[in-house]
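A short worksheet on the structure shown next.
Here the structure is a predicted model, which means the values were calculated and not measured. Nothing fancy with the numbering, it's 1 onward along the sequence.
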Amino acid sequence: MRELNRSTYAEHEKKKERVIQFGEGNFLRAFCDWIIQKLNQNTDFNSSVVIVQPIERGMVDLLNKQDGLYHLILQGREKGENIQRIELIESVSRGINPYKDFDHFLQIAQNEAFRFVISNTTEAGIAVSDEDDFSGNPPKSFPAKVTRLLYERFKYFNGDVSKGFIFIPCELINNNGKELHEKIVMTAEKWNLEDDFVKWIDKANRFYNTLVDRIVPGFPADKKNEYWEKTGYEDNLLVVGEVFHFWVLEGSKDILKEIPFDKVDLNIRVVDDQQPYRTRKVRILNGAHTAMVPTAYLCGLTTVGETLSDSMMREYVKKLIFDEVIPTIDLPQDELEDFADAVIERFENPYVKHRLMDISLNSISKYKTRILPTVLDYQKKNNKLPEILVFALASLITFYRGVDEDGEKIELNDDTDVLSFFKDLWDAEQGVETVAQKVLGNEKFWGMDLNEISGMSDKIKADLQLIKEQGMKKAVTELLGR
């Protein structure tokens, strides 16, 4: 088996290094670097990526050993067919470890060709640290490293406003570009750097808020030999991702003059406001996950794939998405339906066994953020409650009893206070009316008293009673027949 590097693989023309990427993890390599490769193949973008290792422990040494090369396996369902594609990704030129060679890191700032900064340093990454120090080699936090890099560029090019960067962070927090911008300015002020530099940060650089969407399981340790045989290379950076992808950038469309997303057939949008797309993802994809878990599990199913293969649960999921969630989202109907169809295909992905119990983590808070806003918007718009999404809460309350219909224990996974509340509630063996009233009235869970929502208490009581008397399968059958 050959090692994978540019001496064993036929070398292609090198692209100009124009993209700085903080993070060498699975997601960025299966998403952003793949997209940059598509841009290189189909447009005149002609750019490569230099990856900066953002934390002390990382994979840059391995990345450099393979000369930035790795295989990406995309698999899932697309237009009703099972898809598996293997691609060699060549868009990464090299990696830099600032913990081993900080001067090498700062030299990036002196190369005027660099224009874009991409990052994914986890949700906790866009935060400053008390240990951040200008003299640190490197500073501790990601925003501090960027501030140090920007200051080097500002000084080297004498404050030239044409030498700023376009920041495209991919961390999974809302308004990630705005947050990164604020933390950089905060760090510059903490370090007492000159006012002209702070003004240059604002004037010379652009920060886009983004939303990214692709499931990336990562390195397939259990199947690596199978994939190595297919590719002919021993590839320790091999990464698996789903076929579906979606990227929203919030900000000026001027970016398309420099990075031609609009010239490739990819699911990328540059928009004035990303919030409708974030709402779409949270309510349709994440909301459907949360709504299906307790109901499907109490019907004896164990994975998302099994749930979509069950005709009754498939109807349950499709009705809640198309009849109850989509009408509450302010986007074109065809876009919403296309996204919903893609979500159903993603749920059906035969290559991913997504356990319902894994999704069930912290389901109470997930119902609050992913489903409750839909319930409230639906009621406001239609002057009635959505049947399935309310039933999903009754299912969740029943699920948090901690035993299935065969009396087997359910290993619930939530905050201690949540689990204690439900244990005390169900151990008291009170009637469904009391259970409903106390759960709906727990403002720590919901941020409000759900008993005050017109009709909510009566519906939850009725659904809890139906599940108790009929069992989950018959209860769902009756629900769908209403």
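Ring-plane geometry between Phe207 and Phe167 is classed as parallel, the angle between the planes falling under 30 degrees on a 0 to 90 degree scale with a further cut at 60.
Residue pairs meeting the ring pair (Phe, Tyr, Trp, His ring centres under 6.0 Å) criterion with at least one partner in residues 396-418, sequence neighbours excluded, are Tyr297-Phe399, Tyr400-Phe422.
No donor-acceptor contact under 3.5 angstrom links the side chains of Gln53 and Asp61, judged on distance only. Defined by atom type and a distance below 3.5 Å, a donor-acceptor pair is missing between the side-chain atoms of Ser129 and Ser141.
No donor-acceptor pair under 3.5 Å is formed between the side chain of Lys468 and the backbone N or O of Asp463. Proximity of a side-chain donor or acceptor of Gln37 to a complementary backbone N or O of Glu90 within less than 3.5 Å is detected. Between the side chain of Glu24 and the backbone N or O of Met59 there is at least one donor-acceptor pair closer than 3.5 Å. A donor-acceptor pair is defined here as one N or O able to donate and one able to accept, closer than 3.5 Å; such a pair exists between the side chain of Lys145 and the backbone of Pro54.
No option in Leu336, Leu389, Asp377, Ile326 other than Asp377 meets the side-chain contact (heavy atoms from CB on, under 4.5 Å) test with Arg283. The residue from Asn120, Thr121, Thr210 that alone fulfils the side-chain hydrogen bond (donor to acceptor under 3.5 Å, both in side chains) condition with Glu171 is Thr121.
Within 6.0 Å of CG on Asp424 lie more than 12 heavy atoms contributed by other residues, nucleotides or ligands. Open room surrounds CD on Glu56; 12 or fewer heavy atoms of other groups in view lie less than 6.0 Å from it. In this structure, Glu3 places its CD atom where only 12 or fewer heavy-atom neighbours from other residues, nucleotides or ligands lie under 6.0 Å away.
Counting only heavy atoms from C-beta outward, the side chains of Ile89 and Val239 never approach each other to under 4.5 Å. Side chains of Lys461 and Gln465 form no contact here, defined as non-hydrogen atoms less than 4.5 Å apart.
Figure legend: cation-pi geometry between Arg280 and Phe246, with NZ or CZ positioned under 6.0 Å from the six-membered ring centre and within 45° of its axis. Because its NZ or CZ atom is both nearer than 6.0 Å to the ring centre of Tyr70 and within 45° of the ring axis, Arg29 counts as a cation-pi partner of that residue. Figure legend: cation-pi geometry between Arg214 and Phe31 absent, as NZ or CZ is not positioned both under 6.0 Å from the six-membered ring centre and within 45° of its axis.
Residue Ile388 holds its CD1 atom at 4.5 Å from CD of Glu324, rounded to the nearest 0.5 Å. We find the CD-CD1 distance between Glu78 and Ile83 to be 5.0 Å, quoted to the nearest 0.5 Å.
Aromatic rings of His289 and Phe347 (six-membered ring for Trp) have centroids within the 6.0 Å cut-off, being under it.
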